[in-house]
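One structure is given below, encoded as structure tokens.
Values reported hereafter were calculated over all heavy atoms of this structure, with side chains retained and with hydrogens, waters and symmetry mates removed. Chain identifiers are assigned alphabetically (A, B, ...) following the order of the sequence lines, protein sequences preceding nucleic acid strands; residue numbering begins at 1 within each chain.
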Amino acid sequence: MSEQATARYTNDFLREVEKNVEEGHWVKMCMQCGVCAGSCPLGSAWAHPPQEIFMMIRAGKREEVLTSDSMWMCTSCYNCMVRCPRQLPITHIMHGLANYAHRLGLSPKGQPTQATATLFWNNLIKKGRVNELTFSLALYFKDGFVQGIKNALNMQAVGFGLMKAKRLNPMEILGGHAVKDQAGLKAMIAKAREIEDRKKGFAK
Amino acid sequence: MAKKEYAFYPGCSSQKGASASNYLTSVNAMCDKLDVTITEIPDWNCCGASIGYAEGGELPRLALSARNFALAEQHLPGKEMVATCAACWLAQREVKDRIDHNEVLLKETNEALAAAGLQYQGTTPVRHMVEVLIEDLGYDALKQPVVKPLEGIKFAGYVGCQTNRPFGIDGESFENPVYLDKLVETVGGEAVPYDQKVTCCGGALAFSEPEKSQKQIRDIVESAYDHGAEMIVTPCPLCQANVEIYQSEINKKHGTKLNMPVLYYSQLMTVAYGGTAKEAGLDGHLIRATRLEDITKK
Ligand code: SF4
Ligand code: SF4
Ligand code: SF4
Ligand code: SF4
């Protein structure tokens, strides 16, 4: 079949995912067997398990997919990937979708994993090194933050509101580890981001 | 035994003062006894870990790991890279896999690296420390230095996810890998059967989704008790941290009495090889492994 011929049967969102989402070109290979749907450790928290997400992409449900909380429940456990009969890199597609939704500003506001990940990354590119463990552990032991977590759970908005307001910046506790060639590292990341943004249509 | 040398990628969690620094302490002691030399890759950077994707996207993440490879190739040519952190090892391996098989991404990654005056050539494989132990040295060689076998101590070998999937250790199954149990037995301990061996602890979501992750962690610890284990042993720094740290919080919330030490394989080996409690990093735990501490005093 020529590419033009298949294109008629391909809705726009699937094409968008194929083009702009990490490993998105794999989505069309899913045969809806459902094996991945039972693989996620936080399974009950997924409104739409991976299998369903793939179906929704093909059905063109752009808004529903990109605003979903589901991909953010991925713990990167790779259960799905070693089981998928079609060998889809499901973990990476979930990460890719989450990243894409976030870049488009469509991910759910105050999503805790997203908020954490952003702080993590921003710290990382500042110094080249972070400490994800001290990062979560120290947070956990700081009275202020434990309260922050409880707030985040009980009164969603409050805890992460504080975080956004920089009154609870967890990165304060990180030590002084850093790479020496910070200029090089920053230039490298900037270049990588520039290329990716150009390719994925985020270039300003 | 021929001396083995590697380019070492310690990862952020093993830095001085960080929470897995006792992992590094015990790895150093263990390598010393085994005559393995690990030379830190100069100026290595964080790999982005499992949640780097959310803000970092694809190419910046590829560039981060590629930079580590480029530095190893430049400063420690011909040496294989070895990582002790499951997430670091996985990230490096994934990136290598992807850029070695995708010319466009390879070109773009090198374009980014060029901004830092570096180039990725793809000549350096990356291994997990466990692979070095069981593949390059072998169980027999690991047994030789044992002077204080961990007799009578029952361990639950908690492999977790990222040392196990999607790559895993060659020849091991995803559902029931046995290398960790074998390592326990090699140093004289007893490995109990354990049905939560490859269950995910929640990973980086232990922080952002505490309730959900703690449910995982509770299962992991309770199953170890159910199978008669006294301690849990793991190859992954995040598993170690998550499974140890949150026990008290789970107790508080659910009235459970979880209090099980969670150790690294390298600590078991260091103790069995006659190392001190300090060399084994046993002072770095919230839940102390007193029976191991006792062995070091013998
Ligand atoms: S396991 Fe693979 S083929 Fe089956 S539904 Fe999931 S992604 Fe599709
Ligand atoms: S890696 Fe993510 S998507 Fe795959 S099973 Fe684990 S949580 Fe689910
Ligand atoms: S995975 Fe964790 S320990 Fe490894 S380099 Fe990245 S942040 Fe550091
Ligand atoms: S078990 Fe937890 S910490 Fe260990 S690799 Fe899996 S997600 Fe990471």
Which portion of [X] sits near chain A, non-hydrogen atoms under 4.5 angstrom:
X	answer
B/L105	side chain
B/Q216	side chain
B/E244	neither
B/L118	neither
B/L113	both

Do the charged groups of B/E249 and B/K253 touch, with an N to O distance under 4.0 Å? yes
Should A/R103 and A/D197 count as an ion pair when the cut-off is N to O under 4.0 Å?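 Looking at A/D197 together with A/R103, the answer is yes, because their closest N to O distance falls below 4.0 Å.
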When heavy-atom pairs shorter than 4.5 Å are enumerated against chain A, which of [options] gives the highest number?
options	result
B/A115, B/P60, B/A116	B/P60
B/G52, B/G117, B/G168, B/A114	B/G52
B/P166, B/S213, B/G57	B/P166

Exam field: side chain B/Q196 to backbone B/Y158, donor-acceptor pair closer than 3.5 Å: no
Donor-acceptor pair, B/E131 side chain versus B/H128 backbone, under 3.5 Å? yes
Between A/E194, A/E22, A/K199, who has the most heavy-atom pairs with chain B when the cutoff is under 4.5 Å? A/E22
Option in A/K200, A/K186, A/H92 with maximal non-hydrogen atom pairs under 4.5 Å from chain B: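 Winner by heavy-atom pair count: A/H92.
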Taking the cut-offs as 6.0 angstrom to the six-membered ring centre and 45 degrees off its axis, would you call B/R61 and A/W121 a cation-pi pair?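 Geometry flag: not set, cation outside 6.0 Å or 45°.
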Axial cation check for B/F174 ring with B/R165, 6.0 Å and 45° limits: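 Not satisfied by the 6.0 Å and 45° rule.
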Contact part of A/C80 toward chain B, heavy-atom cut-off under 4.5 Å: side chain, backbone, both or neither?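 For A/C80, there is no contact with chain B at all, as no heavy atom is under 4.5 Å.
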Contact class of A/H95 relative to chain B, heavy atoms under 4.5 angstrom: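 When you check distances to chain B, atoms from both the backbone and side chain of A/H95 fall under 4.5 Å.
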Report yes or no: do B/Y120 and B/N68 form a side-chain donor-acceptor pair below 3.5 Å?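 Result is no, nothing qualifies.
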Distance-only polar pair, side chains of A/E16 and A/Y100, donor-acceptor under 3.5 Å: yes
